[in-house]
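Order of the sequence lines fixes the chain letters, A, B, ..., with proteins taken first and strands second; residue numbering starts at 1 for each chain. Everything quoted here is computed from the prediction, not taken from an experiment.
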Amino acid sequence: MPELPEVETVRQTLKQLVLNKQISDVSVFWDNIIKRPQDPVEFKGWLQGQRLRDIDRKGKFLIFQFDDISLVSHLRMEGKFGLYDSGLPKPKHTHVIFHFTDGTELRYDDVRKFGTMHLFEKGQELKHKPLVLLGPDPFDPLFTLEYFYEKLQKTNRHIKSVLLDQSVVAGLGNIYVDEALYRARLHPERIAKEITFEEASRLKEASAETINKAVKQGGTTIRSYLNGQGEMGMFQQELKVYGKEDTDCTDCGTPIVKLKVSGRGTHVCPHCQPVTH
DNA sequence: CTCAGTACCTGGTTGC
DNA sequence: TGCAACCAGGTACTGA
């Protein structure tokens, strides 16, 4: 499911639904999702009795702020949170349930079981993996052109691979990287250190604008992803290249092409995004 | 150190 | 229709 705009939509929705609820118990059905503390029994012990005070986000991570504990959660490819009445039968792909004292429960569902959860003492989460490894969000004032250009100058990787690197800029995934590169008129296989200052500037602005617009639209819905309230994002209407292979570029009419870059399906307009500049 | 490839999982789609 | 191969919005780890 999730890149930054989808995670932000989940954050806002979930905040309306579960703020101030108190955990009575936690059930864990797939231990590998729990990364810290590693023992699920200990994990449960840390959370019992805690009341949810806020939900933050950094990059693609949700940060649930409880009284004394922070829960850092990554949804990876297919993780979803949803609020339900307790006592219903456990669906096949529910792997963690947070039971609240008011008779509701927050379920974590994840078909592929790739998601992760880390607990920290409150205020410690930014000092440890995984959050400490993250670069700034695309619209963060710390994401400056000077910072970005220097990162690009230092690597031989394809530009797409650098944009996907969460330690450079946090929150872009396969959809928004393809969309940002299209909007900046850059081919995903351009070598990062050969990107000019002017091109880096275009790409930085395109990344922030694409993400900002997607956040406003509630993210992108692909297949059947629904957010915590069952609402769908609308940004898919704005997609120019992602999933548009064999359709005509809206700017020049050339058919969009799908290729593989950095091991990921990648969508480009061969006319608007030439390999050489 | 950098970076491409692989592992982690399940299920839907494609193509023979 | 049957079934194997491939693909999926992500990232951690391995070893060249």
Are A:Lys160 and A:Asp178 close enough for a salt bridge, meaning some N to O gap below 4.0 Å? yes

May I ask you to evaluate whether A:Thr220 reaches the phosphate of C:dG9, defined as a side-chain N or O under 4.0 Å from OP1 or OP2? no

Between A:His74 and C:dT11, does any side-chain N or O lie under 4.0 Å from OP1 or OP2? yes

Roughly how far apart, to the nearest Å, are B:dG11 and C:dT11 at atom P? 22 Å

What's the closest nucleotide to the side chain of A:His93 if the choices are B:dT10, C:dG10, C:dC7? B:dT10

A:Lys60 side-chain N/O to C:dG9 phosphate OP1/OP2 under 4.0 Å: no

Find the distance A:Arg157:CZ to B:dC1:C1' and express it as a whole number of Å. 13 Å

Establish, with yes or no, whether the OP1 or OP2 oxygen of C:dT11 is under 4.0 angstrom from a side-chain nitrogen or oxygen of A:Gln166. yes

Whole-Å distance separating the CG atom of A:Leu75 from the P atom of B:dC9: 17 Å

The test is side-chain hydrogen bond (donor to acceptor under 3.5 Å, both in side chains); show your working for A:Gln22 and A:Gln50 and say whether it passes. CA-CA 6 Å; A:Gln22 185 177 24; A:Gln50 295 285 318; over 6 Å; no

In terms of side-chain heavy atoms of A:Lys258, which of B:dC3, C:dG9, C:dA8 is nearest? C:dA8

Closest listed nucleotide, where the reference is the side chain of A:Asn32 and the choices are B:dG11, C:dG9, B:dC9: B:dC9

Hey, where does DNA chain C pair up into stems, meaning at least three consecutive Watson-Crick or G-U pairs with distances under 3.5 Å? B:2-8 with C:10-16, B:10-16 with C:2-8

Say whether A:Thr104 and A:Asp85, considering side chains only, have a donor N or O and an acceptor N or O under 3.5 Å apart. no

Interatomic distance, A:Leu131 CG vs C:dA12 P [rounded to whole Å]: 11 Å

Would you mind reading off the distance between A:Ile33 atom CD1 and B:dC9 atom P, rounded to a whole angstrom? 10 Å

Residues in contact with DNA chain B, drawn from residues 34-44 of chain A - heavy-atom cutoff 4.0 Å: none

Would you mind classifying the nucleic acid contact of A:Ser161 as base, sugar-phosphate or nothing, using non-hydrogen atoms under 4.0 angstrom? nothing

Could you check whether A:His99 and A:Ser86, counting side-chain N and O atoms only, form a donor-acceptor pair closer than 3.5 Å? no

Taking only N and O in the side chain of A:Lys154, is any of them less than 4.0 Å away from OP1 or OP2 of B:dC1? no

Verdict with supporting geometry, A:Leu106 and A:Tyr84, side chain to side chain contact (heavy atoms under 4.5 Å, CB included): CA-CA 6 Å; A:Leu106 182 66; A:Tyr84 302 87; over 6 Å; no

Of all of residues 106-120 of chain A, which get a heavy atom below 4.0 angstrom from DNA chain C, listed by number? A:Arg112, A:Phe114

Could A:Lys90 and A:Phe29 be counted as a cation-pi pair, given that NZ or CZ must be under 6.0 Å from the ring centre and within 45° of the axis? yes

Grab the CG-C1' distance between A:Asn156 and B:dA4 for me, whole Å please. 13 Å

Side-chain donor-acceptor pair present, A:Ser70, A:Gln65, cut-off under 3.5 Å: yes

Pair A:Gln12-A:Glu8, side-chain hydrogen bond (donor to acceptor under 3.5 Å, both in side chains): steps then yes or no: CA-CA 6 Å; A:Gln12 291 171 15; A:Glu8 176 61 18; 2.7 Å; yes

Considering only side-chain heavy atoms of A:Tyr242, which listed nucleotide, C:dG10, B:dC9, C:dA8, is closest? C:dA8

Is it the case that over 12 heavy atoms from other parts of the model lie below 6.0 angstrom from the CD atom of A:Glu121? no

Rounded to whole Å, the CG-C1' distance (A:Asp165 to B:dT2) equals 12 Å

Run the salt-bridge test on A:Arg190 and A:Glu199 with the 4.0 Å N-O cut-off and return the result as yes or no. yes

Using only heavy-atom distances, determine whether the side chains of A:Asn156 and A:Lys193 contain a donor-acceptor pair under 3.5 Å. yes

Looking at the side chain of A:Glu6, which of C:dG9, C:dA12, B:dG11 is the nearest nucleotide? C:dG9

Closest heavy-atom pair and its distance - A:Gln273, A:His187: O-CD2, 3.2 Å

Phosphate OP1/OP2 of C:dG9 contacted by A:Arg76 side-chain N/O (<4.0 Å): no

Taking the six-membered ring for Trp, are A:Tyr176 and A:Tyr182 closer than 6.0 Å centroid to centroid? no

To the nearest angstrom, the CG-P distance between A:Asp178 and C:dG10 comes to 10 Å

